[in-house]
Amino acid sequence: MLDNDAVRILSYTHREREDPMIKLAPSILSADFARLGEEVADVTAGGADYIHFDVMDGVFVPNLSIGIPVLKSLRKATDAFLDVHLMVTRPQRYVGAFCKAGADLVTVHLEAAEPQDLFAAIEAIRAEGKQVGMALKPKTPAEAIVPYLPLLDLALVMTVEPGFGGQSFMADQLPKIRALRGMIDAQSLSCEIEVDGGIDPDTAPLVKEAGAEVLVAGSAVFKKEDRRAAMEAIRNA
Ligand code: DX5
Ligand code: ZN
C-alpha cells in the first residue's frame, strides 16, 4: 500500500520522463464526427495540448472536410486550444470568420495565395487577437517561408501530401524541419514547428530529433481504443 507521498513521488517521476517540450495535437479528421464533442473531451482528458481542426475546400486539396459551423459548435463544447489548419485556396477570404468562430490559431498554406494576400491574412488573424501559422506542402522548400517567419507563431511542415489522413510519413521532409529549426534558433524567434502527417510512435522520434515541437496525429490517436496511451506512446517515443 503506497502512502500519499509515495504516490506523489511516483507520479512526479512519471511526468519527468515525458518530454515537456513536445505538444500533442490530435487531428479530429480521424475522429467519429457524430460524437465530436465526446471525442474531443476524450483526447483533452488524455493530455492533448491542441485540437487540430483540418479544413479542406476540394480545390487546394482533392478532398472536402469541415468548416465554420462545425468550429462554432466545437468552440461551445470545449475550452481546448483549437489549432485550425486551412487547406483552402485564397484563405484571406475566410481567416476572420474562422477567428470569430473560435479558432485559437489559424494556419494558412504558403502555396494557397499570392504573397500580398498571405500578409493580409496574417494581419487579419492578428487583428482578431489569434495566433498565426503558415504551412508548407512537401514540395515547398524551407526557404520560401523566410519573409513570413518573424510574423508567425507556428510553422507547419506537412509530412504527407495534404488532403487525407492515414498516409505514410515522408522522411524526406526531415531536412526541412532541421532547416527551419536552424532559422528559428538563429533569429531567436518564438515560432513553434509543427509536423502533420503519418506521425506515430515510430516516426515521432525522427521529427523530434529534427526539431519539431508540436506533433499532429490523426489515425495514430483516434483509431486507438485508449487515446491517452496512444498520445503517451507518441510523446515518449
Ligand atoms: C492531412 C491533414 C492531417 C491528417 C493527419 O492533410 O492535414 O492533419 O489528419 O492524419 P494522420 O495523422 O492519420 O496522417
Ligand atoms: Zn492538418
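Both backbone and side-chain heavy atoms feed into the values below; hydrogens, waters and symmetry mates do not. Note that the structure is a prediction, hence the values are computed from the model and not measured. In each ligand, atom 1 is the first atom listed, and ligand 1 is the first ligand listed. By convention here, the first residue in the shown sequence is residue 1.
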Hey, is ligand 1 close enough to G166 that some N/O pair sits below 3.5 Å?
yes
Taking salt bridge (charged side-chain N to carboxylate O under 4.0 Å, His left out) as the cut-off, I'd like each qualifying pair that reaches into residues 138-150, sequence neighbours left out, listed once.
K139-E161
For ligand 1, which atoms have a heavy atom of M87 less than 4.0 angstrom away?
6 (O), 7 (O)
Atoms in ligand 1 with a heavy atom of A217 nearer than 4.0 Å:
12 (O)
Listed once per pair and sorted, the ring pair (Phe, Tyr, Trp, His ring centres under 6.0 Å) pairs that draw on residues 116-143, sequence neighbours left out
F119-Y148
Would you give me the side-chain donor-acceptor pairs under 3.5 Å for residues 90-99, sequence neighbours excluded?
{"residue": "Q92", "atom": "NE2", "partner": "D117", "partner atom": "OD2", "Å": "3.3"}
{"residue": "R93", "atom": "NE", "partner": "R90", "partner atom": "O", "Å": "3.1"}
{"residue": "R93", "atom": "NH2", "partner": "T89", "partner atom": "O", "Å": "2.6"}

Does F53 have its ring centroid less than 6.0 Å away from the ring centroid of H85?
no
Measuring from atom CD1 of I145 to atom CD1 of I184, what distance do you get when rounded to the nearest 0.5 angstrom?
7.5 Å
Who's the nearest protein heavy-atom neighbour of atom 6 (O) of ligand 1, and how far?
G163 N, 2.7 Å
May I ask you to decide whether E39 forms a salt bridge with R227, counting only side-chain N to carboxylate O separations under 4.0 Å?
yes
If you measure from the Lys or Arg side-chain nitrogens to the Asp or Glu carboxylate oxygens, is any gap between D49 and R235 under 4.0 Å?
yes
Mind checking whether A220 has a heavy atom under 4.0 Å from ligand 1?
no
Do you know how many protein N, O or S atoms are within a distance smaller than 2.8 Å of the Zn ion (ligand 2)?
4
